[in-house]
Student: 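One structure follows; several queries about it will come next.
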Number of protein chains: 2
Amino acid sequence: MTSKQEFIEKLRNSRLRPTKQRINICEVLFNRYKTFHFTINDLFNLIKDKTGEKVSLATVYNTVHAFHKKGYLKEIPINSNQTYFDTNVTDHHHFFDVKEEKLIDLKNEDVGPIEIQKSIPGKKIKSVEVLVKLED
Amino acid sequence: MTSKQEFIEKLRNSRLRPTKQRINICEVLFNRYKTFHFTINDLFNLIKDKTGEKVSLATVYNTVHAFHKKGYLKEIPINSNQTYFDTNVTDHHHFFDVKEEKLIDLKNEDVGPIEIQKSIPGKKIKSVEVLVKLED
DNA sequence: TTCGTTGTTTATAATTATTCTAAAGAAGAT
DNA sequence: ATCTTCTTTAGAATAATTATAAACAACGAA
């Protein structure tokens with residue numbers, strides 16, 4: 001459980017003004033025990049449900065992008081009509097249940113080390129992500 | 001080099017009527033030595049350039065989806081505003097050059113075996129794909 | 001070959017996620 | 001307080017994709 005005050009500090013430290021909207025979004029995103037996978041739309045609806053206050057869709061987009069840029073959210077590479085984000089920004093992988101359209105975390109240990117044996121001159125590796133699609 | 005006749009047969013065998021448009025699309029997609037990564041828009045423009053004949057955008061969508069369903073194309077899981085497809089439907093992985101927005105193949109041997117140590121009851125693994133993002 | 005059926009193409013409209021815009025409002029600094 | 005800068009917001013704009021429905025083309029049977 002993170003207090004509102006801690007979110008305010010975190011925002012200030014990131015040079016993001018601690019507005020009511022951003023704090024609400026923090027509560028929804030980061031006051032959780034488990035990692036959270038979501039789309040902008042999921043989040044938009046959850047904010048209303050969980051905080052009772054409405055935040056405009058544009059602000060949800062703005063804030064998610066700001067948090068992503070600051071490294072507080074991770075974008076999950078998956079083909080879907082909507083973009084998925086993850087509150088778990090550590091290096092890890094995913095199952096994607098194609099039927100249910102649901103993401104499940106895979107710990108790094110669940111996948112084991114991945115050795116990339118090829119390199120491209122002038123480029124370095126930024127991330128290595130595994131997506132395991134599941135079917136029935 | 002695959003002949004037009006071979007494409008016609010392949011289409012018939014898949015219970016897809018061999019129309020002029022589909023044959024043109026086959027020529028652009030499959031008459032290649034190297035694997036081909038593309039977006040619908042790439043393909044739409046290439047058809048005009050390479051065959052001199054125009055195919056409507058709707059048909060490009062229809063055909064790509066039909067080919068994907070038949071397993072002749074693979075969708076590459078990547079977050080982009082456009083969906084990427086691959087003519088290489090074998091099990092393999094990708095580099096994605098974030099700056100240039102370009103995909104590069106990674107052979108299975110370049111990545112090595114990936115052991116998924118976790119399982120979800122009632123679900124089986126459909127595919128395992130690695131995306132390696134590259135930066136400068 | 002002709003005809004009826006069914007599948008396909010097409011222009012265009014509709015949908016949907018996302019981004020842009022510009023004005024009003026709130027936070028921070030002086 | 002006041003001024004500046006950042007943020008929020010509704011709504012418009014954009015862009016990829018999907019749906020629609022009419023014209024057309026391929027197929028199979030007679």
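Here the structure is a predicted model, which means the values were calculated and not measured. The figures here come from the full heavy-atom set of this structure, side chains too, leaving out hydrogens, waters and symmetry mates. By convention in this document, chain letters (A, B, ...) are assigned in the order of the sequence lines, proteins followed by strands, and residues within each chain are numbered from 1.
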Student: Looking only at side-chain N and O atoms, does A/Y61 come under 4.0 Å of OP1 or OP2 in C/dT18?
Tutor: yes

Student: Would you indicate, yes or no, if D/dT17 has its OP1 or OP2 atom less than 4.0 angstrom from a side-chain nitrogen or oxygen of B/H65?
Tutor: no

Student: Verify the contact: side-chain N or O of A/T83 to OP1 or OP2 of C/dT18, cut-off strictly under 4.0 Å; return yes or no.
Tutor: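 Yes, because at least one side-chain N or O of A/T83 sits under 4.0 Å from OP1 or OP2 of C/dT18.
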
Student: Classify B/T39 by what it touches in the nucleic acid, base, sugar-phosphate, or nothing, heavy-atom distance under 4.0 Å.
Tutor: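 Touches nothing.
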
Student: For B/K54 and C/dA11, is the shortest distance between a side-chain N/O and OP1 or OP2 below 4.0 Å?
Tutor: yes

Student: Using a 4.0 Å heavy-atom cut-off, does B/N62 contact any base of the nucleic acid, only the sugar-phosphate backbone, or nothing at all?
Tutor: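 It contacts base atoms.
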
Student: On the side chain of B/R22, is there an atom forming a donor-acceptor pair with the base of C/dT8 - under 3.5 Å, no angle test?
Tutor: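 Check fails, no donor-acceptor contact within cut-off.
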
Student: Name the residue closer to the 5' end of DNA chain D, choosing between B/L57 and A/L57 according to the nucleotide with the nearest heavy atom.
Tutor: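 Whichever sits nearer the 5' end wins; that is A/L57.
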
Student: Report yes if at least one side-chain N or O of B/R12 is closer than 4.0 Å to OP1 or OP2 of D/dC27; otherwise report no.
Tutor: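 Affirmative; the distance criterion is met.
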
Student: Regarding A/T19, tell me which of base, sugar-phosphate or nothing describes its non-hydrogen contacts under 4.0 Å with the strands shown.
Tutor: sugar-phosphate

Student: Looking only at side-chain atoms of B/P18, point me to the closest of D/dC27, D/dA16, C/dT9.
Tutor: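 Of the options given, the side chain of B/P18 lies nearest D/dC27.
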
Student: Could you work out which one of C/dT10, C/dA11, D/dA10 sits closest to the side chain of B/Q21?
Tutor: C/dT10

